[in-house]
Number of protein chains: 2
Amino acid sequence: MRTIEKTDEYLKAHGIMPSYQRIRVFDYLHNNRNHPTVDSIYKELVGDIPSLSKTTVYNTLRLFNEKGIILIINIEDNESRFDADISNHGHFKCKECGEIFDFDLGKDDLHILKLEEFSIDEQHVYLKGRCPKCK
Amino acid sequence: MRTIEKTDEYLKAHGIMPSYQRIRVFDYLHNNRNHPTVDSIYKELVGDIPSLSKTTVYNTLRLFNEKGIILIINIEDNESRFDADISNHGHFKCKECGEIFDFDLGKDDLHILKLEEFSIDEQHVYLKGRCPKCK
DNA sequence: TATAAATTTGTAATGATTACAAAGTTGTAA
DNA sequence: TTACAACTTTGTAATCATTACAAATTTATA
Ligand SMILES: [Mn+2]
Ligand SMILES: [Mn+2]
Ligand SMILES: [Zn+2]
Ligand SMILES: [Zn+2]
């Protein structure tokens, strides 16, 4: 479990003013690596922070993404998911149980010839199917 | 330009009753490889088919996807795009001009070790950045 | 032709996300 | 401390893509 003090420094180091709400949202993402939705983040935190607004969660997550400390996962077309693991990795979603699994990408995968002339900012690899338990 | 007769056969071969609307939607996708949205498909076709309903476009595209003759591209989180090219390829979206480019994936890319035990149905590779023109 | 099945259509509902402005908080300078 | 500006949070309303639904139309079958 990440401590408040550490998160405070981490946010500051990335140009983010560490308000209480922002710290709590980041800690939640840091401690829950199951790629939660806005709704699940909100529902979890509003128990502790009764005044919390869902708009704040949206604003905070957008800010975190702009500052580069979280990834937005759009493996599902009808809702975004969020990830404090900003390493270059892929996501697998099981169509049966809904769980989203991380997997490593080869070191310099996707060094596509045709894209020599393109400048690449983001890379997303999404797979869907059945996980070992559900298969 | 694909002829109506050919599309008619193609749809039948995939268990799809070739109604006039379905043929026109498929032909549009087959002839426009720029990954159009529901709205652009609808706006283009309703000029020719005044009775066309956007619901029909949605229904038709969902059916095509279920039958495996088109891909749904969710590179953008706020709208789906559609592709009659069902070969295994990746998509690059330019953040400047918005254009979506196709690119080849290595033959058996993404043969990830960790995923040996998983059964993979779909694979999506999305990149974002600047295209050569906009860079 | 008559009847059933499939398809299309228009409208209403859904639901995630965004816009917006008021309220609250924090930092700073006098 | 006080005053003011900047920043953050909050609640509500709007947006907008997509889906639900049932009536109307078309097509298939007997
Ligand atoms: Mn992840
Ligand atoms: Mn494509
Ligand atoms: Zn599963
Ligand atoms: Zn461009």
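Chain letters run A, B, ... following the sequence lines, proteins first and then strands; every chain starts at 1.
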Looking only at heavy atoms, the pair that brings B/G90 and B/L105 closest together is N-CG, 3.8 Å
Between A/T37 and A/D39, is there a side-chain donor-acceptor contact under 3.5 Å, judged purely by atom types and distance?
no
Which range-with-range stems can be found for DNA chain C when each stem has 3 or more Watson-Crick or G-U pairs in a row and both distances sit under 3.5 Å?
C:1-30 with D:1-30
Return no unless some side-chain N or O of B/Y58 is found under 4.0 Å from OP1 or OP2 of D/dT18.
yes
Would you mind reporting whether B/I16 and B/P18 have side-chain heavy atoms less than 4.5 Å apart?
no
Rounded to whole Å, CZ of A/F82 lies from P of C/dA16 at a distance of 12 Å
On a heavy-atom basis, which atom in B/L71 and which in B/D85 lie closest, and how many Å separate them?
CD1-O, 3.4 Å
Per-nt protein contacts along nucleotides 9-15 of chain D (heavy atom under 4.0 Å; B base, S backbone sugar-phosphate only, - none) come out as SBBB---
Take atom CG of A/D77 and atom P of C/dT17, then tell me their distance rounded to the nearest Å.
11 Å
Atom NZ of A/K43 and atom C1' of C/dA16 are separated, to the nearest Å, by 12 Å
Protein-proximity profile, nucleotides 21-26 of chain C, B/S/- by nucleotide at the 4.0 Å heavy-atom cutoff, equals -----S
Looking across every strand, which nucleic acid part, if any, lies under 4.0 Å from B/T37 by heavy atom: base, sugar-phosphate, or nothing?
nothing
Please tabulate, one pair per line, all N/O donor-acceptor pairs under 3.5 Å involving side-chain atoms of residues 58-65 of chain A, not counting sequence neighbours.
{"unit_1": "A/N59", "atom_1": "OD1", "unit_2": "A/R62", "atom_2": "NH2", "d": "3.2"}
{"unit_1": "A/N59", "atom_1": "ND2", "unit_2": "A/T55", "atom_2": "O", "d": "3.4"}
{"unit_1": "A/T60", "atom_1": "OG1", "unit_2": "A/T56", "atom_2": "O", "d": "2.7"}
{"unit_1": "A/N65", "atom_1": "ND2", "unit_2": "A/I70", "atom_2": "O", "d": "3.2"}

Could you state the interatomic distance from CD (B/E79) to OG (B/S40), rounded to the nearest 0.5 Å?
8.0 Å
Between CG of B/N74 and C1' of D/dT18 the distance, given in whole Å, is 12 Å
Does the side chain of B/V57 come within less than 4.5 Å of B/L45's, by heavy atoms?
no
Whole-Å gap separating P (D/dC7) and CD1 (A/I16):
15 Å
Which pairs count as ring pair (Phe, Tyr, Trp, His ring centres under 6.0 Å) when at least one residue sits in residues 65-95 of chain B, sequence neighbours excluded?
A/F118-B/F92, B/H35-B/H91, B/H89-B/H91
Rounded to whole angstrom units, what separation is found between the NZ atom of B/K12 and the C1' atom of C/dT7?
16 Å
Are the side chains of A/H14 and A/Y10 in touch, meaning some heavy atoms are under 4.5 Å apart?
yes
Between CG of B/D39 and C1' of D/dT19 the distance, given in whole Å, is 16 Å
Answer yes if the side chains of A/S80 and B/D77 hold a donor-acceptor pair under 3.5 Å, and no otherwise.
no
Find the distance A/E76:CD to C/dG15:P and express it as a whole number of Å.
15 Å
Using residues 125-135 of chain A as the side-chain source, report each donor-acceptor pair under 3.5 Å to any protein atom, sequence neighbours left out, with the distance given to one decimal.
{"unit_1": "A/Y126", "atom_1": "OH", "unit_2": "A/N74", "atom_2": "N", "d": "2.9"}
{"unit_1": "A/Y126", "atom_1": "OH", "unit_2": "A/H124", "atom_2": "ND1", "d": "3.2"}
{"unit_1": "A/K128", "atom_1": "NZ", "unit_2": "A/I75", "atom_2": "O", "d": "3.0"}
{"unit_1": "A/R130", "atom_1": "NH1", "unit_2": "A/E96", "atom_2": "OE1", "d": "2.4"}
{"unit_1": "A/K133", "atom_1": "NZ", "unit_2": "A/E99", "atom_2": "OE1", "d": "3.4"}
{"unit_1": "A/K135", "atom_1": "NZ", "unit_2": "B/E117", "atom_2": "O", "d": "2.7"}

